[in-house]
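First up is the structure itself, then whatever we jot down about it.
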Amino acid sequence: MTSNWDLITSSLGPIISGAITGTIPLTLASFVLGLFLALVMALMRISTNKVLSTIARLYISVIRGTPLLVQLFVIFYGLPSIGVKLDPWPSAIIAFSLNVGGYAAEVIRAAILSVPKGQWEAAHMIGMPHVQSLVRIILPQAARVSVPPLSNTFISLVKDTSLASLILVTELFRQAQQVAAFSQEFMILYLEAAVVYWVICLVLSSAQSLLEKRLDRYVAH
Amino acid sequence: MLPTNNDAAPVLSVRGLKKSFGSNTVLNGIDLDVPRGKVVALIGPSGSGKTTVLRSLNGLETPDGGTVTVGEVSLDFGGSVTKKQLATLSNRSAMVFQQYNLFPHMSVLQNVIEGPLKVQRRPRAEVIAEAEKLLDRVGLLEKRDAFPFELSGGQQQRVGIVRALALKPQLLLFDEPTSALDPELVGDVLAVIKELADEGWTMVVVTHELVFARQTADEVIFMDGGVVVERGPAQEILRAPKMPRTQLFVQRLLHDI
Ligand SMILES: Nc1ncnc2c1ncn2[C@@H]1O[C@H](COP(=O)(O)OP(=O)(O)OP(=O)(O)O)[C@@H](O)[C@H]1O
Ligand SMILES: [Mg+2]
């Protein structure tokens, strides 16, 4: 019992450091890049330009229709065979960004389309060109409706980054695996990793409610 | 406060305005003149094209043909028209919408100053001072920091009017400004519009409020099926219309009241 407890406390260091230096930065970088990509894809998808909207539709379909693990492996293990050799970190960030880009694009598209047409018209009425209307009038309103689904994407991403352990990124789960392999205490270490993921997601969920409250301040309840 | 200009020329002049949606011809050659400081009321049954006329003047709809002149800007929709030309035309007028269309994520003051500040890029202090003066006029200065959802429909529409005024347009366009309001809130909004008319603003008002039209409008235009059926001084058209279609429409509306 004491030795189990010792194992838990001594492994907590590497696991948390894996979270801080691996899981969290990997999640943040991928999410930010992915959101940017998603916004571009959403706008292309909405656009009346057939070529742009077809490219976006295809991209979204491929990302959503293939496993994340396969996407990750194609980039890290597949690309070198055509001469593109990437390190684990860039591979992971690219794979996760592309993945978020596909899922969040649909969320952002739906959110933009949910803003009433009258808002575009009022924006044009006061003289705003299209892009300014989008940035100042439409996107702030779309942001409010997309926070709950995007928070879900974000929380999924935190957990999905554990897949990066399979391409040797030193993150939370890989740290747990290494201690487990060394100590042969798989149950304890993997449960410990699970608890740390869970705590991170709990914190994120409460951050999500705070953000939703803040964005809700201008609508009737 | 009113933009001044050469008094003789009409502020708004429309010739042969045409618009179709697919095979549905909605405007089939509309002529319209509004001299400076005059008010024209546009009446007609649902689907007759009243809203489409206003939207064509404000760049929200691109007509298929005809010319539109607002102030010094004239566009011939028979030829090709660039986005920039369309913007120059629509910036001469400002519209008040049936459903207000205030920006829900902005306070009352932000709604009003957004155009002058972010589009016209006028100095902030000046824009705010003007906005406050306008809000005070319609009795809403103490609501300057409220969000639209905190206001009644009548208050929202008065903000909508102030938002239009703050743009300093040469022409004001109202599309059934009171038809989304509860009956007890209609009076306040109509009173504001009447005041603006008395003050000398040039405007086109689409309305079903015939009493208001009689009191406020200089000319009434009755539209049906995308054409002007009858036009004339408000008193004449509303008291003794000549055309049978106008008679029927006016009678029905007056009976509803
Ligand atoms: N964007 C559009 N696409 C297709 N048809 C349209 C569009 N806008 C208007 N119409 C059609 O044009 C006709 C005239 O519409 P409009 O809104 O101008 O009428 P209105 O006189 O304002 O009617 P109401 O009193 O009901 O507001 C209608 O038949 C309408 O269905
Ligand atoms: Mg209408």
Side-chain angles (χ1 to χ4, degrees), chain A residues 35 39 42-44 46-50 52 107-151 208-221, chain B residues 51 54-55 57-62 83-84 86-108 110-122 145-152 156 159-160 162-169 172-173 175 180:
Chain A
L35 267 194
L39 178 60
L43 293 174
M44 282 171 61
I46 292 170
S47 127
T48 47
N49 183 318
K50 278 263 158 37
L52 292 183
V107 170
I108 293 174
R109 181 180 78 101
I112 290 175
L113 293 179
S114 78
V115 178
K117 214 170 122 253
Q119 291 295 307
W120 283 103
E121 298 187 341
H124 290 153
M125 189 281 286
I126 65 170
M128 280 191 175
H130 204 69
V131 172
Q132 198 183 13
S133 306
L134 180 75
V135 170
R136 293 200 54 86
I137 306 298
I138 305 301
L139 288 182
Q141 297 181 57
R144 195 186 66 80
V145 279
S146 48
V147 164
L150 287 182
S151 305
Q208 172 185 358
S209 340
L210 282 178
L211 185 59
E212 279 173 31
K213 274 217 190 74
R214 200 182 137 63
L215 287 167
D216 261 357
R217 75 197 186 288
Y218 62 80
V219 287
H221 298 284
Chain B
T51 297
L54 291 195
R55 292 168 58 87
L57 305 181
N58 198 232
L60 295 178
E61 217 69 81
T62 311
K83 260 191 187 161
K84 205 172 159 195
L86 203 59
T88 324
L89 180 77
S90 46
N91 287 345
R92 302 283 148 156
S93 61
M95 177 122 133
V96 174
F97 298 93
Q98 186 173 1
Q99 303 290 344
Y100 336 128
N101 296 0
L102 296 184
F103 306 126
H105 58 302
M106 295 182 179
S107 71
V108 164
Q110 286 171 323
N111 262 277
V112 176
I113 65 178
E114 183 71 6
L117 199 61
K118 301 291 175 185
V119 181
Q120 300 177 347
R121 304 202 172 276
R122 286 160 45 201
D145 296 318
F147 283 94
F149 80 88
E150 299 171 289
L151 305 181
S152 74
Q156 290 190 50
V159 175
V162 168
R163 176 174 69 178
L165 294 177
L167 297 168
K168 301 194 176 201
L172 286 173
L173 307 169
D175 189 9

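Order of the sequence lines fixes the chain letters, A, B, ..., with proteins taken first and strands second; residue numbering starts at 1 for each chain.
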Interchain contact, [X] with chain A, by part (heavy-atom threshold 4.5 Å):
{"X": "B:Gln120", "value": "neither"}
{"X": "B:Phe103", "value": "both"}
{"X": "B:Ala87", "value": "neither"}
{"X": "B:Leu102", "value": "backbone"}
{"X": "B:Lys83", "value": "neither"}

For the atom pair [atom1] ([X]) and [atom2] ([Y]), what is the distance rounded to the nearest 0.5 Å?
{"X": "A:Ile138", "Y": "B:His105", "atom1": "CD1", "atom2": "NE2", "value": "8.0 Å"}
{"X": "B:Glu114", "Y": "B:Arg163", "atom1": "CD", "atom2": "CZ", "value": "10.0 Å"}
{"X": "A:Ile108", "Y": "A:Leu113", "atom1": "CD1", "atom2": "CG", "value": "12.0 Å"}

Check: With only heavy atoms counted, which part of A:Gln132 is less than 4.5 Å from chain B, the side chain, the backbone, both or neither?
Finding: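 Contact with chain B is through the side chain of A:Gln132 alone.
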
Next item on the list: Could you tell me which portion of A:Arg136 (side chain, backbone, both or neither) has an atom closer than 4.5 angstrom to a non-hydrogen atom of chain B?
Entry: both

Item checked: Residue from B:Leu151, B:Val162, B:Asp145 passing side chain to side chain contact (heavy atoms under 4.5 Å, CB included) with B:Val108 ->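 Testing each of B:Leu151, B:Val162, B:Asp145 against B:Val108, the sole residue satisfying side chain to side chain contact (heavy atoms under 4.5 Å, CB included) is B:Leu151.
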
Checklist line | Nearest heavy-atom neighbours spanning B:Leu60 and B:Met95 | finding: CD1-CE, 4.0 Å

